[in-house]
Amino acid sequence: MKIGELAKAAHTQVETIRYYEREGLLPETARTDGNYLMYAEEHVDRLSFIRHCRGLDMTLDEIRVLLRFKDAPHENCAQVNDLLDEHIDHVATRIKELKALERQLKTLRESCRESQQASQCGILTELSSASRQVHEPATRRGHVHGAHSLK
């Protein structure tokens with residue numbers, strides 16, 4: 001199948017497939033005489049696996065590790081277990097960060113209980129005041145951190 005057919009079969013955009021190829025997550029495939037890349041059902045399965053892992057918020061590095069074990073089914077999976085334990089810890093940390101963010105937003109919302117002129121809006125006043133204060137580095141300002149790395 002051509003890349004468009006693969007995209008449709010795996011419910012994935014062509015650009016995403018090309019990105020995963022560049023990242024080495026999808027193996028190279030044969031080309032036709034017309035220079036088209038041809039994909040097989042194994043590509044659909046692998047792409048679906050990658051997409052499922054991404055849906056679980058796994059990084060590309062984590063997925064690489066999982067794929068390495070998937071490609072070597074006779075190896076011991078202790079590292080897979082460790083990877084998942086670390087990922088669970090990361091998710092728990094993100095949940096805590098999200099709960100803290102929710103509390104901050106609710107507190108901010110309390111500063112403006114009713115509609116009024118924007119110049120009198122407590123939310124805008126609080127945001128402006130807070131943005132002038134000295135903060136920690138941008139990576140630790142209470143926003144949810146998206147990616148994590150393997151140790």
Can you tell me how far apart CE (Met58) and CG (Leu83) are? Round to the nearest 0.5 Å.
6.5 Å

When rounded to the nearest 0.5 Å, the distance separating CD of Glu21 from CG of Leu47 is 9.0 Å

For Ala118 and Leu124, which heavy atoms make the closest approach, and how far apart are they?
O-CD1, 3.7 Å

Between Glu62 (side chain only) and Thr59 (backbone N and O only), is there a donor and an acceptor less than 3.5 Å apart?
yes

Is it possible for you to say whether Ile95 and Ile88 belong to one hydrophobic cluster, with membership spreading through side-chain heavy-atom contacts below 4.5 Å?
no

Can you tell if the side chain of Val80 reaches within under 4.5 Å of the side chain of Leu84, non-hydrogen atoms only?
no

Does the His90 side chain pair with the main chain of Asp57, one donor and one acceptor, at a distance under 3.5 Å?
no

In Å and rounded to the nearest 0.5 Å, what is the CG to CG distance from Asp61 to Leu66?
11.0 Å

Drop me the distance from Phe49's CZ to Lys70's NZ, to the nearest 0.5 angstrom.
5.5 Å

Between Val14 and Ile3, what is the shortest heavy-atom contact and its length?
CG1-CD1, 3.8 Å

Can you spot which of Arg103, Lys96, Glu97 makes a side-chain contact (heavy atoms from CB on, under 4.5 Å) with Lys99?
Arg103

Looking only at atom types and distance, does a side-chain atom of Ser129 sit under 3.5 Å from a main-chain N or O of Thr125, one as donor and one as acceptor?
no

Just how far is it from atom CG of Asp85 to atom CG of Asp89, taken to the nearest 0.5 Å?
7.0 Å

Straight-line distance of Leu67 CG to Arg46 CZ, nearest 0.5 Å
4.0 Å

For residues 2-20, which residue pairs qualify under side chain to side chain donor-acceptor pair (under 3.5 Å), counting only residues two or more places apart or in two chains?
Thr12-Arg51

Under 3.5 Å: donor-acceptor pair, side chain of Arg64, backbone of Glu23
yes

Minimum heavy-atom separation for Leu6 and His43, please, with both atom names.
CD1-C, 3.9 Å

Can you tell me which residue pairs pass the salt bridge (Lys or Arg N to Asp or Glu O under 4.0 Å) test with a partner in residues 107-126, sequence neighbours excluded?
Glu110-Arg113

Between Met38 and Ile17, is there a shared hydrophobic cluster once you connect ILVMFWY residues whose side-chain heavy atoms come closer than 4.5 Å?
no

Do Ile50 and Leu26 have side chains that approach each other closer than 4.5 Å (heavy atoms only, starting at C-beta)?
yes

